[in-house]
Structure formats: structure tokens, C-alpha cells
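Presented below is the structure to which this report refers.
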Amino acid sequence: MLDKNYNAGEIEKKWQDYWEKEHIYKFDKNSKKENYVIDVPPPYASAGHLHVGHALHYTQFEIIARYRRMKGFNVHFAPCFDDNGLPTEKYVEETLKINKNTISRQEFRKLCLKANEEVEDLYRNRVFKRLGHSYDWDLLYTTIGKEAQKVAQTSFLRLIKQGDCYRTEEPTIWCTYHQTALAQAEVEDVKRKTKLNYINFKLENGIKINVATSRPEFLAACVGIFVNPEDERYKNLVGMNAIVPIFNQKVPIMKDEKVDKEFGTGIVMICTFGDNTDIEWWKKHNLPLKIIIDKTGKLNELAGEYKGLTLNEAKEKIIERLKHEKILINQEDLEQTVGGCWRCNTPVEFIVTKQWFIKTISYKDELIKQGRKINWYPDFFRVRYEDWIKNLGWDWCISRQRHFGVPIPVWYCDKCEKILLPNEQELPLDPLDVDKGKCKCGGTFKADPDVFDTWMTSSMTPQIATRWLESPKEFKKKFPASLRPQSQDIIRTWAFYTILKSYLHFKEIPWKDISLGTFVLDPKGRGMHKSKGNAIWADELLDRFDVDTFRYWVGKAKWGSDIPYKEEELMAGQKFLNKLWNASKFTLMHLENYDYSRPEKLEDIDLYFLEKLNKVIREATENYDIYNTSDANKAVEHFFWHDFCDDYLEIVKDRLYNPDSRGAESRKSAQYTLYIILDSLLKLFAPIVPHTTEEIYHVAFAKKENRKSIHLSSWPEESYIEGEMLEERGSLFVDILNKVRKYKADNKKSLKDNIILTIDGKSLDLLGSMLEDLKAVTKSKEVRKGDFSIDF
RNA sequence: GGGCCCAUGAUCUAGUGGCUAUGAUGUCACCCUUACAAGGUGAAUGUCCCCGGUUCGAGUCCGGGUGGGCCCACCA
């Protein structure tokens, strides 16, 4: 019997400890049940905090894990941390106040690893455990861990072997601040104000033409001039040469359809490289290469007297000089959007370096086909995936000039540039730790100092989580995984690269389902960002709200769409839990001394409510199966609150409190119905509010069902119901009940006031045996036959 | 510029061609009814963003606007 008042705080801690101690969520590899593998997104532990959006999303698919476990699956739910790459480097540099360039890579890596361990512990205890998450912590992996490194490096070696990974010297997107190459996916829009400069170029015959450019600092790198072939003004220029001001190199004037006649003067200079279009034209028209910047973004000797200046310094000086020499004839304000590094917003540059690439462009069609074999929830996000693929312009650059990451396992001969690769058995390794001696040519093998793009590892989370290389036999049973839950903003990276890798390695999809989670906005509907100062942190939230209250709110969030964070809506959860507690308390009070057997005959009104329960079970199950937790939860809650509490509990009070009036069998029918409905409801709510349901379940049914936890019990099934016209008769019953309530409210009477009820003959016949219950719940001291009326 | 999503009482929301448009929060009135006043019973609040079209019938389908959000591209 539940004899206490609801106290969420007490319950939480108790069951979290119990679950951990009893290994409730352990993945059983010998189980005969079907596997359900969730490809969990590894959170960045190094950020130090998780905001409410993360907490919501992580809880959202944790609810699915609980549902599937109860549904009879062997759920593989591996916790993980992404501790690889830039965010960790930044965190370590900031908190320890050190500069990574002043210590060795090995030493810096050690510091990063230590920092990770500390933060991850904090996360595990302060966030995931507190949220009541049902991970099997024995399955934990980190993206810098041995298995992850081995997977990433093995993938690299195998892709080289099969010709899908290559090293080449190409113009590469480059961040001059972080001094590393970037992938297309790491470039984000940066808006900036600049000037469009109208600069005169002389032709060989002395005529002047005017070129508009926002980047005069690139004049030294100018290798050509373009006009639109349709442009009448400049048709005669094509084929001539122009002389670049200051630097005096002769460059050809050519035509290309991509030139916008309306922009500037309609004459464009092309430099290697100012932007994407430059690269395109440079390739298309076979122009010479003139790289004038180094890796830090400073000008080199090709820029003559401007050598050593940053791009911005050079720009200023060059504009000054152009003005002075009256070559710059006009300046206009220009608002432009340029690509910037996703971490530091520094506008990206293009330089030519040797980098490793994985082929993507040549597999576009196949990748779209793979995407269509996967179920997308909601389906329209597949379009975004396909659009991204269609617009891809580059293969995937996977090498990064960084310290903390998975090392690229390769050595180069410093004389003949021969590439030396390790054997797979040697992995994982850091080539800096291994001396590979001399090359045949007499040169020495030098380790590659670079590391992989962090997505090189993350793209293989389904393989890492299920220990692809460690236990290949078991891996086969877990791949493809069942579900990838993720957020929609990384479709172009995480989802895309994961599908790519699975295709290249296995010709297989990585998971059957991908479901896009909910995005939490601030109360005004804007995205939450640390930098905007409007983020609400998960641990602060949990200091103010009970976990099940928070989880109830999560249960209402619709996958794939945004939800604003509003505290009032969290309050609804507190009301709900209190209601659930009290309804359970009432029910269990009346189940004392009841033997839980099904009586020979159930009252018709009881059958009607059991039939309603069946419908709700069906609806909830169908919705859970398509990750529609919000509709599932809504249906169950409506049944619980309005059908079960408001109607059914009121209806059976008479039979429960006055066993003599209707007989023992009739009371037992009510008890059986109460038992079935409460037991089912607790289980239907268990994924959403695991602590509260666990507490009630243990008081009520755990012993009887011989289960250690409600989360190890099975999902409710529809019970067998047989009765005539239950739906019509039950609806009529509830309809009359509502009319009586309204009549009493209109007449300002208490609901317990007695009435005389007059019902037409047809309805009386239809109600049949339900009439006794109707009489009791409406407090009718008398029921007459005639036109419907209610009298006091 | 391209793509995707969205627009329903004050607020959030259901609605996948068919009676009178769903539910929740808030507001108001009434009811202490032996689980719960953190409750119950009711009431008021809507030109379903606008304009056309398809249809016997449109909140729902189609076309075109308007306004928001997201993703992508981009001007030298």
C-alpha cells in the first residue's frame, strides 16, 4: 500500500542506486532476444556543461531504449564521449593555461586524456545518472580510446588499399588561425562588411579597364581576367593581356559564363586563391599557380615588398598605394558572406598543401541510394541529406594539422617521398612513437605529424560501439544498428560520413532507422548558445526540477521539430506525477487482500474501460515504433487522467466502498479492472517517468510479477475482451454521466447531491446491467422511464 | 538565389478531403466529492495568415503571395 505522499527527490536517488547496483540495464550478449542497437551520439565532454537541449535530446532516445527493452529486445545502449579534437585542445589550453605549441604532442596528449577522464566522470554522475539514463556503462567508449583509434586507423588503411583514400596536393580550405586544413562541412557563413574596390588595369595597348574586387591584397596572385561572353561592352577585350597594377604581371583576358555582368564592372580578376570560384576557373582554364600566403595567412616572397604582412595589413597598404597612384578610382560598401572556420570564425583561405582525402564525389549516386534504404523520421530530412550530397564539390579532406586526435599512421621518406604504411596488427599506433629506419633510397622515414578529422572516428560509431574489430562475430549480429538518433544540424557531417563509411567498407547501410531529435529554443524562440548567454544548463535545471518532471516534459516534445523552453510547461509534469501517485494510492488501497485472479464474469462497464485500455495500448505502441513519443504519451495520459481518473475511479467507488450493495463478485470485477489498468498504465509511463513508476510498481506489482524492476517487465498487451455493443453502451453511460455533472454545476449543486433520473426506454434497454453503476455514480436515488430529464 | 519546415482561441497544440474544429495552459463561475484543491464540474474566447483553383464538400489537396524558422550556395 502506498501510504506516503509523493516525494520525488527521495525516490530518484534510491532507484538510481538500485538500478546501478542490480545491473538492470546490462546488455546480455548471450541473450536469445533480438538485438536493438542504438548508435548513441558521443557528447563533447570537454565543453564542461550540457545544456537543456542536449539533456532533452539524450533523454528523448533514452526513452526509446526503455521502450524497446520492455518490448522484449536485447537493447545495446552504449554510453560514449567525444573527447577527440579541437574542443578538448581548447579546453586544456584554457584551463591549464598552456600553449600546445610549446610542448610535445605526446605530452599535450597526456594532459588532454587526463582532463577528459575528470570531465567524463562528472558527466556520468552529475548528468547522465541524474537524468535516470539506462546505459550499460560496461559498454562505454570514447573517441580517443584504443578501440576507436584502431577503427579509424584500420578504416584509413583499408580505404587506401581499395583506392578510396588518397594523398594529393590540392588547393585546400585552410584556417589561418588554427593552421589546419578543413573539410567543406567545417566551413560556416560569416557575414562581414567590406569595400568593393574599383581598380584600373592597363592593357598592352595602353587602354585602361576597370576591375572591381573586394580583395586587392590578392593582386600579386592574379593570374587572369574574366568577362561574360555575352557582354557587348567587353567582347573585343577577350584574347588581350592586361597588366596587374603594382606587381606588373601580364595576365590574359578570358570569357566565362559564370561572370555576372551586373556585379561591379562586369570584369573579374582571378587570383590563386581568393575564393571557390577562383579554384573552379583555375582548374577549368588551366591557369598558372601563384600562392602568395603561407600557413599563418601572411604574405610570402611572391608579394614582393609586402612579404611578412598579414592579409589585412597588406590590404590596407595596397589600397593606400592604389589611391595614391590614382589607380583606385572608387570604393563601395559591400556586405558579403564568406566562409569561416566553424570554431573561430576566421575567414577561410585556400592554400595548396598535401592532404589525405576520402572519395565522396564519385559515389554521389550510390550514397543517395543508400540514404533511401534507411527510414528517416521525419522523412523530409532525407531531402536535406540528398541536397547536401548533390552540392558536394570536394572529396573529404581527412587530415588535420592538430595535436589531439587520432594520429595518421603513416611515414614518408624524406628523400624520395615514399609512403610507408603499418600493418593492421600494429594498430592503434602513433607514428611519432615508432622509428621506421631508412628507406631503400637512403632517406629516412619521418612520421606524419597530422591527425584525422574528428569525423574520421565519429563516422564509425556504429562499428566502435559494437566492437567491430574486437569481436567480429558478435559485431555481425549488431550491424546494421537499429537506430541512429541525432540532431538535424549534423546531417551533412555525422549522418553523411557514417553512411559513406558503411558503404565503402561494407556496402551496407549503418542503421535501419535514423531519427532526428528535438531542438530546444529559449522562451523567445531563439537557439540556445553559450555565447548568447541564453543557455540553461542541465545540472542547474535538475537542481530546480525533479528528474521525472523534466522527463515528462521531454516526453511531450515532438521529434524533428523545435520546442521553446518554458518553465510553466515543466510545472505540468509536477501535477501529472502527483496525480499518478494519488490515483495509484487510491487503487492500491482497494487492492488489499485481493488475490489478482480474474473473476468468472466481469461487469460490462468494466469491460468497456478495459476495451478502451486496449485501444490506448495499441495507439501508444504504434507511435513508439515510429519514434512518436509525444503522441504515444499524449494518448496514454488522456486515458489515464480523463477516462481512468475522472470517470472510471468515480464509477467504481460505490462497488469498492459498499461491497454489500452489489455483491463480492461485482467488487472483484472492479478490483481486477483496477489492477489491469493501473499495471498497464505504470508500464506505459515507465519509459517517460522511470523513477516514479518504479516506486509504485515495487509497492504494488513487482513481487507478484516476480520482476526486479518495472524496466525489466514486459510492455502491456491487449487483453481479451468479449461483450456486446460495449462501445455504444459505454459511450451512452459516459454521456449521461456528463449531462448529470453539467446539470449539477449549472444549478450550483454539489456532485454528491441526489437526483431523480429519467431515461427513455431505448437507452434503458441499451444500458442494461450498466444501469446500477450509472445510478451509483450519478447519485440517482431513483431512475424513471420517460423523456430524458434530471430532477432534484 | 536554391531547398526544406511552419503559420489553428491570449499562449502552446491535434487535425493525413466529410456532421457543430482537438487538447493543454491561462481566464471566469461553481463544487471541500471518504486518492488528489498541485483536485473536480462547467463556461467564455477561432474571418483555421491572405488570394485564387480543384471538389458535391477544403484547416486539410494544388498554384500564387505574406510572415517566421532551419539548411545550403554566393558575387569576384
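Per chain, numbering begins at 1; letters A, B, ... match sequence-line order. Remember, it's a predicted structure, so these values are computed and weren't measured experimentally.
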Under-4.0 Å side-chain N/O to phosphate OP1/OP2 contact, A:His642 with B:A24: yes
Is the phosphate of B:A14, meaning OP1 or OP2, less than 4.0 Å from a side-chain N or O of A:Lys558? yes
Give me the distance, rounded to whole Å, that separates B:C12 from B:G17 when you measure between the C1' atoms they each carry. 27 Å
Would you please confirm or rule out a distance under 4.0 Å between OP1 or OP2 of B:U33 and any side-chain N or O of A:Lys752? yes
NA contact type, A:Ile563, heavy-atom cut-off 4.0 Å: base, sugar-phosphate, or nothing? nothing
Side chain of A:Gln488: nearest nucleotide among B:C12, B:C70, B:C5? B:C70
Assign A:Asn391 to base, sugar-phosphate, or nothing according to its heavy-atom contacts below 4.0 angstrom with the strands shown. sugar-phosphate
When all nucleic acid strands are considered with a 4.0 Å heavy-atom cut-off, which category describes A:Asn747: base, sugar-phosphate, or nothing? nothing
Applying side-chain contact (heavy atoms from CB on, under 4.5 Å) to A:His642 and not counting sequence neighbours gives A:His638, A:Asp646
Using a cut-off of less than 4.0 Å, is there contact between a side-chain N or O of A:Trp388 and OP1 or OP2 of B:C4? no
Using a 3.5 Å limit on both distances, find every run of at least three consecutive Watson-Crick or G-U pairs that involves RNA chain B. B:1-7 with B:66-72, B:10-12 with B:23-25, B:27-31 with B:39-43, B:49-53 with B:61-65
Once salt bridge (Lys or Arg N to Asp or Glu O under 4.0 Å) is applied, do any residues pair with A:Lys195, and if so which ones, sequence neighbours excluded? A:Asp333
Smallest heavy-atom separation, A:Phe576 atom then A:Trp641 atom, equals CA-CZ3, 3.7 Å
Please identify each residue that fulfils side-chain contact (heavy atoms from CB on, under 4.5 Å) with A:Thr621, with sequence neighbours left out. A:Tyr67, A:Lys71, A:Ile617, A:Asp625, A:Trp715
Categorize A:Trp281 for me: base, sugar-phosphate, or nothing, with a 4.0 angstrom heavy-atom threshold over every strand shown. nothing
Categorize A:Met269 for me: base, sugar-phosphate, or nothing, with a 4.0 angstrom heavy-atom threshold over every strand shown. sugar-phosphate
If we take the C1' atom in both B:C36 and B:C5, what is their distance in whole Å? 41 Å
Span that lies between the C1' atom of B:G15 and that of B:A58, in whole angstrom: 13 Å
Just to confirm, is there a sub-4.0 Å distance from OP1 or OP2 of B:G42 to any side-chain nitrogen or oxygen of A:Asn738? yes
Classify A:Phe263 by what it touches in the nucleic acid, base, sugar-phosphate, or nothing, heavy-atom distance under 4.0 Å. base
Sticking with atom P, work out how far B:A37 lies from B:U47, rounded to a whole angstrom. 38 Å
Could you work out the separation of B:C70 and B:C28 based on their C1' atoms and round it to a whole Å? 40 Å
Who pairs with A:Ile329 by side-chain contact (heavy atoms from CB on, under 4.5 Å), at least two apart in sequence or on another chain? A:Tyr198, A:Asn200, A:Asn210
Hey, could you give me each pair passing salt bridge (Lys or Arg N to Asp or Glu O under 4.0 Å) that has a residue in residues 627-643 of chain A? Not counting sequence neighbours. A:Lys612-A:Asp643, A:Asp631-A:Lys634
Lys/Arg N to Asp/Glu carboxylate O, A:Glu650 vs A:Arg741, below 4.0 Å: no
Given the P atoms of B:A24 and B:U41, what is the spacing between them in whole Å? 10 Å
Can a side chain N or O of A:Lys579 be found less than 4.0 Å away from OP1 or OP2 on B:G40? yes
At under 4.0 Å between heavy atoms, what does A:Arg384 touch on the DNA or RNA strands: base, sugar-phosphate, or nothing? base
Under 4.0 angstrom, heavy atoms only, what part of the nucleic acid is A:Cys271 near: base, sugar-phosphate, or nothing? nothing
